[in-house]
Protein chains: 2
Amino acid sequence: MAVRGAVPEVIWARPERTGRGPKPAYTRDDIAAAAVRIADAEGLDAVSMRRVAAELGCGTMSLYNYVPRKEDLYELMMDAVSAEHEPWEPSGDWRADLFRVAHATRSLMHRHPWVPRLMSPVYGFSPHALRYLEHCLACLDPLDASYGTKIELIAMLNGVVTTYVRNELDTAERVRALPWSEDEENAMRIAYLGGQIASGAYPRMAAAFREDPGPIDLEAVFQRALERVVDGFAPR
Amino acid sequence: MAVRGAVPEVIWARPERTGRGPKPAYTRDDIAAAAVRIADAEGLDAVSMRRVAAELGCGTMSLYNYVPRKEDLYELMMDAVSAEHEPWEPSGDWRADLFRVAHATRSLMHRHPWVPRLMSPVYGFSPHALRYLEHCLACLDPLDASYGTKIELIAMLNGVVTTYVRNELDTAERVRALPWSEDEENAMRIAYLGGQIASGAYPRMAAAFREDPGPIDLEAVFQRALERVVDGFAPR
DNA sequence: CCTAGTTACGTACAGCGTACGCAGTGCGCT
DNA sequence: AGCGCACTGCGTACGCTGTACGTAACTAGG
């Protein structure tokens, strides 16, 4: 009896090729790459089984031979982008190495703006995600702490990076679903916010808006956030 | 000419009642409460325009008189749960007050497990979200820092709380969409992870798993994370 | 060689967001 | 007072989604 449809099994435990029957026309990498290409160009919501199949040039239902559920397609996508994280030799300065990893993750998310939306611990155990985690732990070898603490630190740093970049990209990613332009979206939100502030109901918010911050350097704000998190864990 | 369908306007700027025509049968609060009830009981994906209309006892398209787009329904839901955040008189100990806010947010998310998935800066400017933000700033009055820094701190703390609770609830929320049970899901992931670790390709991960952490106290891990973030901002 | 298991793919179904048309209602203006 | 218009309520319909299922072609193991 052939295994049809979804079955309780991680996609990575499924062999790509079993030996019997015709040779598969595509690899998992082909499929993941096609899905990533669509998500990069048209947003995550454009990634449908039909659309990916069309991108590959096969029938919709053929895709289900490779990917039992849409959820598994997301898992392939997240693993594919994790593969962009090429591990390097740790320098011995764990703090600097951690910052380097964080900046690499941020730029990865800028290349693939849908990643923050998909970020979840359940995708943290794909082959390339494990390689990434192992590399982070290698960077932390010089730090004298338990693995439990190190993993807490990595999780928190990843969380902060994700949150931060999500805030950077959120409107940009969601604007695709809007029936109007990003400018109109921003204009209307600012107009409403201005009205609320002017109402006097939120005096501290009003004061915050009056405070002149000077030019905002997103890169600097990000770096500052990273340093604060790391300092909270291991004060210098 | 009547305003039909979506128009570039925040839902909060739309008056609930304009004076002309028959009296609306429902208030925004009714609608938000119905949607929240469904999301709490059956998960966020069960919240569809049809389902909410059915819950209210009206035709699907009648809902569009109140809520121009589904996105606005989410905005109503997020404001409705923000309203559960009743501001209190700050104690003068901003650190303790911040922790109290964070714990309240965490327990709110446990009551409404779909909140982390919806958490986004764009919902941060609804009436009750503004009230919440103003209250956080009030708690930070004793802290000698610019409003810019204070807002960075609040944003980071909220981000950490969201990330943390999302990790707690993620599988539980997503298990509803799975064609198998949560136990099977966990079992298969652990089985795969165990195999990978045993392969020897991830020595530090393997060491981390051999390390006996003793009983894990989620509450303590959470509190520790909060303290680390706050310490990173304002070392004692 | 045979046959079981696999690939490929068309059809079909239930559900989604929502555009549009029309009937009925009651406020505001003349 | 009464006309007209803005509004509410709602049924229908369109294009989209994930995916269950049936069928035909193919190929490797016994």
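In the text below, chain A, chain B and the rest are named by the order of the sequence lines, each starting its count at 1.
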Which is true for B:Tyr26 with a 4.0 Å heavy-atom rule: it touches a base, it touches only sugar-phosphate, or it touches nothing? nothing
Are side-chain N/O atoms of B:Asn158 and B:Tyr132 paired as donor and acceptor at under 3.5 Å? yes
Quickly work out the A:Leu73 CG to D:dT19 C1' distance and round it to whole Å. 14 Å
Mind calculating the distance between CE (A:Met49) and P (C:dA8) to the nearest angstrom? 14 Å
Given that B:Arg20 and A:Ala177 both sit by DNA chain C, which one's nearest nucleotide is further toward the 5' end? A:Ala177
Of the options D:dT17, D:dC5, C:dT11, whose atoms approach the side-chain atoms of A:Met61 most closely? C:dT11
Spacing of B:Arg17 atom CZ relative to C:dC27 atom C1', expressed in whole Å: 8 Å
In terms of side-chain heavy atoms of B:Tyr64, which of C:dG17, D:dA28, D:dT19 is nearest? C:dG17
Does the ring of B:Trp88 carry B:Arg100 above it, NZ/CZ under 6.0 angstrom from centre and within 45° of its axis? yes
Quick check: are there more than 12 heavy atoms from other residues, nucleotides or ligands sitting under 6.0 Å from CD1 of B:Ile216? no
May I ask you to check whether B:Thr27 and B:Asp30 show a side-chain donor-acceptor distance below 3.5 Å? yes
Please state how far atom CG in B:Leu63 lies from atom C1' in C:dC16, giving the value in whole angstrom units. 14 Å
Measure from the side-chain heavy atoms of B:Lys70 and tell me the nearest of C:dT18, C:dA12, D:dG9. C:dT18
Heavy-atom distance under 4.5 Å between the side chains of A:Arg50 and A:Glu55, does that happen here? no
Side-chain N,O (A:Tyr66) to OP1/OP2 (C:dT7) below 4.0 Å: no
Rounded off to whole Å, could you give me the CD-to-P distance for the A:Glu71 and D:dT17 pair? 18 Å
Phosphate-side-chain proximity, A:Ser62 and C:dC9, N/O vs OP1/OP2 below 4.0 Å: yes
Would you kindly compare B:Ser48 and B:Gly21 by the position of their nearest DNA chain C nucleotide and give the one closer to the 5′ end? B:Ser48
d(CG, A:Asn65; P, D:dA24) in whole Å: 17 Å
note: B:Arg50, atom CZ; D:dT12, atom C1'; distance rounded to Å ~ 11 Å
Here the distance between atom P of C:dT18 and atom CH2 of A:Trp180, to the nearest Å, is 10 Å
